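In what follows, a structure is listed as structure tokens, so that the remarks can point back to it.
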Amino acid sequence: MNPLDLIRLQITLEYQLDALGRLVPFPGSSEQGLYIVYRYAGGCTAFFDHRLPESLCEQLRGLGCEQTFEAPGNVQRVVHAYTPCLFGGRFVSEYLPRLPEAAEFPLVSQQQGQFVVLVDAEPVCRAWSERGSDACAEVAVETHPDHRRQGYARQAVAAWASDVIGSGRVALYSYKAGNESSRALAHSLGAVWYADVVCYSP
């Protein structure tokens, strides 16, 4: 898939975009990014909060993509002249292109829209759509600490992906850079990278 198409799918799960392509948070959303940059194989694309003045956006564009990722302090100094700004971290955005087979998640049952692994009738792992639309969904997964490293998360996410991809939607998987457990899980399911992401928030 085209990375720019995937980026647009992901950003529109988290924000509304106004006529200028600026970020407008959904009512009540925890997503409040001022400046979000995606770096993909073909370059970078940036999104700005709709309340930022164009002069500030131009200054940020002038810093260039690499400083956005590698020198967050420079970005913060520019934005601080207008509003307080925190570096929200660096993330990896991937998608799952392959429809998992039912044999890959024998322990998973579906409960109220979540894909759950039960051990002794108790839920120990679950995956669900943290956000979703008619075009795509993004997974969230959690495993009880006492039941990690047993393959349960892989089964739960595989079941989730089977449901999402089987419905004709794109299955998105994102995680914080440096989270080796999430990276290993994504790659065990054949996830394909399309962008690195940085976010600056109020």
Side-chain angles (χ1 to χ4, degrees), residues 1-26 29-97 130-133 135-141 169-202:
M1 293 189 70
N2 184 310
L4 287 174
D5 291 338
L6 290 162
I7 289 167
R8 188 165 184 88
L9 284 176
Q10 185 178 26
I11 201 73
T12 53
L13 278 182
E14 299 174 354
Y15 297 89
Q16 301 174 78
L17 298 180
D18 68 12
L20 298 175
R22 298 286 195 90
L23 302 171
V24 180
F26 289 111
S29 173
S30 61
E31 302 292 342
Q32 299 290 325
L34 294 170
Y35 178 42
I36 300 173
V37 181
Y38 287 79
R39 182 170 61 188
Y40 59 100
C44 288
T45 187
F47 296 90
F48 303 92
D49 182 89
H50 70 290
R51 294 161 292 194
L52 296 181
E54 181 57 29
S55 59
L56 175 57
C57 297
E58 282 301 317
Q59 283 183 272
L60 291 170
R61 292 186 189 101
L63 287 177
C65 182
E66 288 309 308
Q67 285 202 57
T68 305
F69 279 83
E70 308 304 335
N74 293 345
V75 174
Q76 289 177 285
R77 278 190 288 275
V78 170
V79 179
H80 266 304
Y82 175 77
T83 187
C85 173
L86 298 174
F87 178 56
R90 181 171 167 177
F91 301 85
V92 179
S93 290
E94 301 183 337
Y95 76 101
L96 303 175
E130 186 171 28
R131 305 176 184 89
S133 70
C136 64
E138 188 167 20
V139 70
V141 59
R169 296 178 293 161
V170 178
L172 301 176
Y173 188 119
S174 298
Y175 52 93
K176 194 157 189 175
N179 186 332
E180 288 302 311
S181 295
S182 287
R183 184 194 66 79
L185 172 57
H187 290 185
S188 77
L189 290 161
V192 175
W193 173 87
Y194 64 90
D196 292 329
V197 189
V198 286
C199 178
Y200 295 83
S201 303

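Just so we're clear, the structure is a prediction, and the values are computed from it rather than from any experiment.
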To the closest 0.5 Å, what do you measure between CD (Gln32) and OG (Ser201)? 8.5 Å
Given Asp5 and Val170, is the side chain to side chain contact (heavy atoms under 4.5 Å, CB included) satisfied, shown in steps? CA-CA 11 Å; Asp5 291 338; Val170 178; over 6 Å; no
Would you call Cys65 and Glu70 a side-chain contact if the rule is heavy atoms closer than 4.5 Å? no
Might you point out which heavy atoms bring Ser182 and Tyr173 nearest each other, and give the distance in Å? O-OH, 3.2 Å
What heavy-atom pair brings Phe69 and Val37 nearest, and what distance separates the two atoms? CZ-O, 3.7 Å
Please examine the side chains of Leu13 and Ser133, heavy atoms only from C-beta on, and report whether any two atoms are closer than 4.5 Å. yes
Heavy-atom check, side chain of Leu172 versus side chain of Val139, under 4.5 Å: no
Ile11 CD1 to Ile36 CD1 distance, which is reported to the nearest 0.5 Å: 4.0 Å
Heavy atoms only: give me the nearest Phe26-Gln16 pair and the separation to one decimal. CE2-CG, 3.0 Å
Answer yes or no: does atom CZ of Arg8 have more than 12 heavy-atom neighbours from other residues, nucleotides or ligands under 6.0 Å? no
Which value, rounded to the nearest 0.5 Å, describes the distance between Ser30 atom OG and Glu14 atom CD? 9.0 Å
Partners meeting side chain to side chain contact (heavy atoms under 4.5 Å, CB included) with Asn74 (sequence neighbours left out): Gln67, Ala71, Arg77
Donor-acceptor contact present, side-chain Tyr175 to main-chain Ser181, <3.5 Å: no
Would you call Val75 and Val198 a side-chain contact if the rule is heavy atoms closer than 4.5 Å? no
How many angstroms lie between CZ in Arg169 and CD in Glu138, if you round to the nearest 0.5 Å? 12.5 Å
Can you run down the salt bridge (charged side-chain N to carboxylate O under 4.0 Å, His left out) pairs that involve residues 170-182, sequence neighbours left out, and say none if there aren't any? Glu180-Arg183
Within the distance-only criterion (no hydrogens, no angle test), does the side chain of Tyr35 pair as donor or acceptor with the backbone N or O of Val79 below 3.5 angstrom? no
Looking at every non-hydrogen atom in both residues, tell me the closest pair between Leu56 and Tyr82 and how far apart they are. CD2-CB, 3.8 Å
Is any side-chain heavy atom of Cys85 less than 4.5 Å from a side-chain heavy atom of Tyr200? yes
Tell me, with the steps shown, if Phe48 and Leu20 meet side chain to side chain contact (heavy atoms under 4.5 Å, CB included). CA-CA 10 Å; Phe48 303 92; Leu20 298 175; over 6 Å; no
Interatomic distance, SG@Cys44 vs CG@Asp196, rounded to 0.5 Å, equals 9.5 Å
Which atom names give the shortest non-hydrogen contact between Pro97 and Gly190, and what distance separates them? CD-O, 3.4 Å
Minimum-distance pair of heavy atoms, taken over all atoms of Leu34 and Pro84: CD1-O, 3.8 Å
Can you list every pair that meets salt bridge (charged side-chain N to carboxylate O under 4.0 Å, His left out) and has a residue in residues 43-63, with sequence neighbours left out? Arg22-Glu54, Asp49-Arg51, Glu54-Arg61, Glu58-Arg61
Beyond-backbone contact of Tyr40 with Leu4, side-chain heavy atoms, under 4.5 angstrom: yes
In Å, rounded to the nearest 0.5 Å, how long is the span from CG of Leu52 to CD of Gln59? 11.0 Å
Evaluation steps, side chain to side chain contact (heavy atoms under 4.5 Å, CB included), between Phe87 and Gln76: CA-CA 7 Å; Phe87 178 56; Gln76 289 177 285; 4.3 Å; yes
